[in-house]
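A short write-up of the structure that comes next.
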Amino acid sequence: MIEIKNLKFGYDKKKLLFNDLNLNLSQGKIYGLLGRNGTGKTTLLKIIMGLRFPKSGTCNVFGLESKKRLPSMLEQIMFVPEEVYTPDIRIWEYEASYSSLYPNFNYVKFDNFLQEFELQKTDKLKSLSLGQKKKAVLAFAMAASTKLLILDEPTNGLDIPSKSQFRKIVASLATDENCIIISTHQAQDVEKLIDSVIILDDGNILLQSTTEEISEKLAIEISSEVLPQAIYCEERLGGVYNVTKNIYNEPTEFNLELFFNAVMANKQVMIDLFNTKKQ
């Protein structure tokens, strides 16, 4: 569905943000895109959307070059940025103005999603709180029924009940025909949703793995001290959480935040463990 080859991109002529980046994403997956601040997560999403143009290399979506921004590509992509813009109109007017851009827009689902988020079509977008605006835009995006749904920090601004509703809706959207990319720092908000993790670091894909593979290769052991076999550990309420190699011959609990921190703290160890060479 998405194929990126030898992509180079930079805002500064003397320094590249991405240098020969390669990435393949397929349909039927929910991807979690993680990385430290400034690693280019949002920029990568904008390149996929055709909002940023690579200096060299290619980014193809549905077999089409994203930089060409062809209508046949754009009508099957929905992108929700971290900071949403809402015009000074009511929700029903927003729906009437923009739904025709998406051939598979589901009006019944939109009504249902608004109800889930406790919003009314008569609500004026400019009068809503930040969290309510985010929910209105998310409801519209998820009702668009596009083949590719890209969400950048989607849970920022949402209260706890709304986060739960968001997760339920996203889980209901996943099919073998579409692809969902969620870029986030809020690991706990999405770890039950995603089935594949992409970690971006230093201009390249540091590690890409399914959550199933992570659960098969790593274990989390809680003890009163740091274990000698620990790849990474954190002191938390209840004890020391040790990330170790899984020796139990069965999948273990998956914790996205601990996994990300373990990768960042011991990059080469984790790369070797997952048979991934840094590009």
Side-chain angles (χ1 to χ4, degrees), residues 29-39 41-42 44-45 80-84 113 116-118 129-135 137-139 141-142 149-174 179-201 205-223 226 230-244 246 251-267 270 274:
K29 299 278 188 181
I30 301 179
Y31 292 93
L33 177 63
L34 280 69
R36 289 173 172 157
N37 289 335
T39 55
K41 298 186 300 296
T42 297
L44 178 59
L45 299 180
V80 179
E82 179 178 2
E83 297 183 7
V84 297
F113 296 160
E116 285 275 355
F117 285 139
E118 299 180 342
S129 68
L130 174 63
Q132 290 173 315
K133 289 178 184 177
K134 193 72 171 281
K135 288 189 286 187
V137 173
L138 283 169
M142 294 187 289
L149 175 61
I150 301 175
L151 306 174
D152 192 5
E153 299 291 354
T155 59
N156 280 5
L158 300 186
D159 56 24
I160 293 175
S162 297
K163 289 180 180 181
S164 177
Q165 291 159 342
F166 164 78
R167 286 191 292 268
K168 182 174 73 171
I169 293 172
V170 172
S172 73
L173 296 177
C179 174
I180 301 173
I181 305 173
I182 304 174
S183 175
T184 186
H185 287 99
Q186 310 299 322
Q188 293 182 343
D189 289 345
V190 303
E191 69 179 6
K192 300 299 183 184
L193 283 174
I194 62 174
D195 46 39
S196 188
V197 181
I198 304 163
I199 296 180
L200 191 60
D201 182 67
I205 305 303
L206 177 65
L207 192 148
Q208 181 175 358
S209 179
T210 65
T211 56
E212 181 180 8
E213 183 183 17
I214 294 167
S215 296
E216 289 173 350
K217 293 192 173 183
L218 295 176
I220 299 171
E221 300 188 38
I222 305 172
S223 68
V226 177
I231 299 172
Y232 174 78
C233 63
E234 280 185 20
E235 287 191 26
R236 294 188 174 188
L237 190 65
V240 178
Y241 284 63
N242 295 270
V243 178
T244 67
N246 187 359
T252 60
E253 179 185 0
F254 171 66
N255 184 300
L256 182 58
E257 183 178 340
L258 281 174
F259 173 68
F260 175 74
N261 290 340
V263 173
M264 290 293 100
N266 295 280
K267 295 178 184 178
M270 297 294 276
F274 285 86

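Positions are given from 1, in the same order as the sequence printed here.
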Worksheet item: Passes side chain to side chain contact (heavy atoms under 4.5 Å, CB included), Asn246 versus Lys217? Steps please.
Response: CA-CA 5 Å; Asn246 187 359; Lys217 293 192 173 183; 5.6 Å; no
Discussion item. Under the criterion side chain to side chain contact (heavy atoms under 4.5 Å, CB included), I'd like the reasoning laid out for Val197 against Ser209: C-alpha separation, chi angles, the key distance, then a yes or no.
Written reply: CA-CA 5 Å; Val197 181; Ser209 179; 5.7 Å; no
Practice prompt. Go through the steps to decide whether Asp195 and Thr210 satisfy the test side chain to side chain contact (heavy atoms under 4.5 Å, CB included), and finish with yes or no.
Written response: CA-CA 6 Å; Asp195 46 39; Thr210 65; over 6 Å; no
Discussion item. Checking Leu45 against Leu33 for the side chain to side chain contact (heavy atoms under 4.5 Å, CB included) test, could you report, in this order, the C-alpha distance in whole Å, the side-chain angles of both residues, the deciding distance, and whether it holds?
Written reply: CA-CA 10 Å; Leu45 299 180; Leu33 177 63; 3.9 Å; yes
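Across all their heavy atoms, Ser162 and Phe117 have their closest contact at O-CE2, 3.8 Å. Contact between Gly131 and Leu158 at its shortest, heavy atoms only, is O-CD2, 3.8 Å. Across all their heavy atoms, Cys233 and Val226 have their closest contact at SG-CG2, 3.6 Å. Nearest heavy atoms, Ser223 versus Asn242: OG-ND2, 3.1 Å.
At least one donor-acceptor pair closer than 3.5 Å links the side chain of Lys134 to the backbone N or O of Asn156. Of the possible polar contacts, none joining the Asn255 side chain to the Glu253 backbone as a donor-acceptor pair under 3.5 Å is found.
Between the CE atom in Met270 and the CG atom in Leu207 there is a gap of 7.0 Å [rounded to 0.5 Å]. Here the CZ-CD distance, from Arg167 to Glu191, works out to 9.0 Å after rounding to the nearest 0.5 Å. Separation of atoms CG (Leu173) and NZ (Lys168) is listed at 12.0 Å; rounding is to 0.5 Å. Taken to the nearest 0.5 Å, the OH atom of Tyr232 stands 9.5 Å off from the CG atom of Asn266. For the atom pair Ile181 CD1 and Leu44 CG, the distance stands at 7.5 Å (nearest 0.5 Å). Taking CD of Glu116 as the start and CD1 of Ile169 as the end, the distance is 5.0 Å to the nearest 0.5 Å.
Proximity of Val80 to Pro154: side-chain heavy atoms (C-beta onward) are nowhere separated by under 4.5 Å. Considering only heavy atoms from C-beta on, Glu82 stays 4.5 Å or farther from His185 through its side chain. For the pair Met264/Ile199, a side-chain contact is recorded, criterion being any heavy-atom separation below 4.5 Å from C-beta on. Annotation: side chain of Leu218 is in contact with side chain of Ile231 (closest heavy-atom distance under 4.5 Å). Between Ile220 and Thr252 there is no side-chain heavy-atom pair separated by less than 4.5 Å. You'll find the side chain of Ile30 reaches within 4.5 Å of the side chain of Ile182, heavy atoms only. Two residues are said to be in side-chain contact when any heavy atoms from C-beta on lie closer than 4.5 Å; Glu153 and Thr42 fail this criterion. Side-chain contact between Ile205 and Leu200 is present, with at least one heavy-atom pair separated by less than 4.5 Å.
Each of Ile194, Ile180, Leu138 was compared with Val170 under the side-chain contact (heavy atoms from CB on, under 4.5 Å) criterion, and only Ile180 meets it.
A side-chain donor-acceptor contact under 3.5 Å links Ser129 and Gln132. Side-chain atoms of Thr155 and Gln186 form no donor-acceptor pair, as typed in the model, at a separation below 3.5 Å.
Ring geometry, Phe259 versus Phe274: the interplanar angle exceeds 60°, so the pair is classed perpendicular (tilted spans 30 to 60°).
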